[in-house]
Amino acid sequence: MKFTYKAYRELIALLQEYGYTICDYHNYAQADKSVILRHDIDLEIEKAVKMAEIEHDIGVSSTYFVLVSSNFFNVFSKRNQAYLKEICDMGHAVGLHFDEVKYDAGKTDLVQAMEQEAALLEQCLGHEVRSLSMHRPSQTTLEADYKVAGGRIVNSYGTEFFHRHKYVSDSRRHWREDVIGIIKSGEYDRLHVLTHPFWYDEEEQSASAGFKRFCVSRAVQCYDDLNDNVRDLQEFMRKDDLWQTLDK
Ligand SMILES: [Zn+2]
């Protein structure tokens with residue numbers, strides 16, 4: 001499968017053609033044959049908004065998991081809060097993406113940390129958070145079947161969604177299993193599909209091109225944000241100077 005919006009649309013169409021109902025973490029049991037569409041936002045909320053628009057356009061909804069402890073974006077910034085609201089307003093769910101690496105292994109109560117981060121995200125979104133996923137989970141976390149907030153917040157890496165569902169993912173821009181073949185096989189009534197919006201675009205881009213585009217777009221964004229915060233920034237640095245600096 002290509003990493004394009006067209007291919008993603010075709011994936012959804014194929015799921016529907018093969019009788020899958022697009023569900024979420026809370027209502028899947030009502031369908032005989034269900035698929036949960038999940039996206040992790042690791043680097044760039046903008047790409048998630050684009051994916052959310054595509055799904056909205058097709059008439060399906062999914063769950064977007066967002067980090068609240070990322071070095072790459074601040075969910076509380078005005079811009080990012082607006083993006084997350086846009087995703088919610090299109091009918092999608094936003095859940096917590098949790099990075100355990102941030103915490104001292106063995107010294108932190110991870111479930112408590114998840115609950116604290118979920119509460120922060122709830123503040124940011126202005127409504128309840130009902131699901132979470134892990135960012136690069138350790139083996140211990142994969143096996144832990146954590147119950148978060150007494151089960152109110154669904155753990156997408158819990159036994160139900162990680163073992164009783166057929167789980168497929170495009171992590172590191174690589175489908176470890178043939179997702180198309182899995183859908184067509186008819187072997188699975190419960191599918192759980194993780195895609196990372198970062199990798200998708202109108203035209204397919206290599207991982208290398210995707211990372212370069214991201215770094216450059218961040219530098220430009222940094223300049224624009226500086227411009228919003230520093231009066232007469234041009235006296236110190238013009239936007240064109242950025243390219244010479246990046247060239248070095
Ligand atoms: Zn992640």
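Remember, it's 1-based here, ligands and their atoms both numbered in the order they're listed. Positions are given from 1 along the sequence. A quick note: this is a predicted structure, and the numbers were derived from the prediction, not measured.
Taking the Zn ion (ligand 1) as reference, the nearest N/O/S atom within Asp42 carries the name OD1. In His135, the N, O or S atom that comes nearest to the Zn ion (ligand 1) is ND1.
Between the Zn ion (ligand 1) and His97 there is an N/O/S contact shorter than 2.8 Å.
Side-chain contact, Asp145 with Thr159: a donor N or O sits under 3.5 Å from an acceptor N or O.
The cationic atom of Lys239 (NZ for Lys, CZ for Arg) does not lie both less than 6.0 Å from the six-membered ring centre of Tyr223 and within 45° of the ring axis. Remark: Lys47 fails to qualify as a cation-pi partner of Tyr200 under the 6.0 Å distance and 45° angle criteria applied to the six-membered ring.
For Phe161 and Tyr28, the distance between ring centers is under 6.0 angstrom.
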